[in-house]
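The next block holds one structure in the form of structure tokens; read it before the comments.
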Amino acid sequence: MLKEFIPFIDKDRYLTIQLFEFLASQKKTVHTFFEIQEALQVSQYRVKITIHDAINLSKDFPTFKLTFENDILSAFNINNSLLNKIIDFEAHKSLRFRIFLHTTLNIYSESDTEFQRNVGISPSTYFRLKKGLSQDIGSSKIECMKQSEVFARYYIYQVLVYFSYFDYFPKCIKDSKKFIKMKNSIAYCSLIWKITPTESQRKQINYFVAIGILRSKNQHHIPENDNKYLVEVLSQEQVLLFMKHLSKDWYLLEKNALLVTRYALTFLISINNLPVSQLGFLKNFGEIQSVTNQQVDIIKDLAGTSLVDTNIIDCQNKLLKANARILSPFFKTDLFFTEQHWHHANLLRNGAVENLIDEFTSLIGSVNSIPFNKQEIAQIKKDYALIILPKLSIHNLILPVHIVIDFSEGNLFNDYIASGIQSIAGLNIKIDQHLSSLTDIYLTDTFNPSYTKQQIIWPAMPQKSDWQQLKAYIMDLQKNRFNKLDKTIDYGE
């Protein structure tokens, strides 16, 4: 479980989650009492209670089995899927999480007194837990939530998505008139902006809009001066159409419809869900396009002719969407930059690619009005790594290995060998018809003394060992080229 979301879990329930995290991380199914205590770092008394609580969970999750006898805990069918369900379950049952929902969304329109009575706590316990939750969230975020309705909604959204709260929402609420109208507005938005969300993106959109409806229901509207976290937009056709829809279906004044439209578009950009063709409504699109073109030029210079046009276009589109997100005000909210964002380098450790990512990061930083902090830079580098690495991997960055296949048996046998070579996954290979200055390997059954480059002779039908040796030679050739490239690239530093 990500540590940033721990404040929303009651301490005893978090211990249960920690126990299941420990069990899911172990290959063995039998664990001693001492091992569990070492993992949880709590007293023996607390370990016994936590084990008891975990065993009781089997009533709600019959797919796993826990038994505890003679200080030995046996665990069966504990996996990451179960762990995620248990995290959601324990969060939804936690008083801290329920207090957060009550104070931010008040879904069931309860007074504080009614809420306390319904969850079975005293006023003193309620205010103690509420104060502790605020302290753990942090004074800076609490202050931002007070000052900006946009920030508050986005923060609530992040928490509820992490714990999949609306996935377990009562059907009677999901079928209410406002939620049905919400779905119609999402469908209209998808139509005019040509959005085709994945399942996870559809969930994100539903959560985001639902939170907006619930906040508005409690009279928490986006004020006109709440511009810090919203993109600036041009009055393009789609923008005006959506504003008209909001005015007609949700009875919003023009100024409020514009705010909600900007709010929706800012969010869609933040989850990379707007097609590139729809980004032109942004006032800073020219700036985004300029940075992207510079980045693409750098890639072209680095990769030379090894990247085909389709790869360049795909890379350009992904960079446009990433740069729009990075330069979006939402990116600066710094809500939940977790430890997972710090390890982009684990995707591939190579100096050439690392330097390229650094150069891209500097370019985007040069046009941003406020310098990026350490966490934001880590996220930017991760985004760029996910775009660059598939395009500039060994397979694409290094020029293809050119092979000429020339067996005396003729084209039938040559084609058979060619299909075998092309079926070897992960190698950037080009089969040529004739020898040239580009040829790297001449594969034949007869030695050619006039050809001075590498010849591989297969005098008979190739065996498994022949294929393995050929693959190893190609990989060594590409590795040497990549190492040479890494040492010789000049990044102008």
Side-chain angles (χ1 to χ4, degrees), residues 231-232 265-266 268-332 337 341-399 428 482 485-493:
V231 294
E232 296 285 345
L265 291 172
T266 304
L268 290 172
I269 289 170
S270 75
I271 63 170
N272 289 314
N273 204 207
L274 272 180
V276 170
S277 60
Q278 302 299 313
L279 293 176
F281 65 82
L282 291 169
K283 279 191 177 179
N284 66 338
F285 183 67
E287 189 175 61
I288 294 166
Q289 207 166 26
S290 175
V291 171
T292 303
N293 290 340
Q294 292 178 64
Q295 292 170 336
V296 170
D297 287 342
I298 293 170
I299 291 176
K300 287 179 179 178
D301 290 342
L302 179 62
T305 58
S306 66
L307 276 181
V308 296
D309 289 343
T310 52
N311 276 341
I312 292 173
I313 293 169
D314 181 60
C315 190
Q316 184 174 31
N317 288 340
K318 287 177 178 177
L319 283 169
L320 276 169
K321 292 176 77 170
N323 290 333
R325 188 175 85 91
I326 292 166
L327 294 177
S328 161
F330 258 4
F331 191 78
K332 297 293 292 182
F337 282 116
H341 298 126
W342 292 83
H343 303 304
H344 76 279
N346 291 348
L347 297 169
L348 178 68
R349 296 295 301 182
N350 180 272
V353 174
E354 286 295 309
N355 287 334
L356 188 62
I357 291 170
D358 287 343
E359 189 167 357
F360 279 20
T361 304
S362 296
L363 270 174
I364 199 73
S366 67
V367 299
N368 197 53
S369 58
I370 303 173
F372 294 113
N373 63 33
K374 200 173 182 180
Q375 292 93 334
E376 290 160 355
I377 289 172
Q379 177 62 50
I380 291 169
K381 287 186 174 183
K382 180 187 175 185
D383 286 357
Y384 285 149
L386 293 174
I387 296 169
I388 293 169
L389 292 178
K391 303 300 179 187
L392 299 186
S393 62
I394 289 178
H395 178 78
N396 291 311
L397 180 58
I398 302 303
L399 296 175
N428 190 10
F482 197 81
L485 176 70
D486 192 11
K487 293 176 183 176
T488 58
I489 290 176
D490 179 11
Y491 293 95
E493 295 179 350

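The first residue in the sequence is number 1, and the count goes up from there.
Legend: residues meeting side-chain hydrogen bond (donor to acceptor under 3.5 Å, both in side chains) with Lys321, ordered by chain and number and at least two apart, are absent.
Looking only at side-chain heavy atoms (C-beta outward), Phe360 and Ile380 stay at 4.5 Å or farther from each other. Within the 4.5 Å cutoff, no side-chain heavy atoms of Ile299 are placed close to those of Ile312. Using a 4.5 Å heavy-atom cutoff, the side chains of Lys318 and Val276 are not in contact. In this structure the side chain of Leu274 reaches within 4.5 angstrom of the side chain of Phe281, judged on heavy atoms. In this structure, Val296 and Cys315 have side chains that are not in contact, with every pair of non-hydrogen atoms separated by 4.5 Å or more.
Here the side chain of Glu287 pairs no donor or acceptor atom with the backbone of Asn284 at under 3.5 angstrom. At distances below 3.5 Å, not a single donor-acceptor pair connects side-chain atoms of Thr361 with backbone N or O atoms of Lys381. With Asn368 contributing its side chain and Pro371 its backbone, the two residues share no donor-acceptor pair below 3.5 Å. Distance alone, capped at 3.5 Å, places no donor-acceptor pair between the Ser290 side chain and the Gly286 backbone.
Asn293 and Gln316 share a donor-acceptor pair across their side chains, judged by distance under 3.5 Å alone.
When every heavy atom of Gly365 is checked against every heavy atom of Phe372, the shortest pair comes out as CA-CE1, 3.8 Å. Across all non-hydrogen atoms, the minimal contact from Tyr384 to Gln295 is OH-NE2, 3.1 Å.
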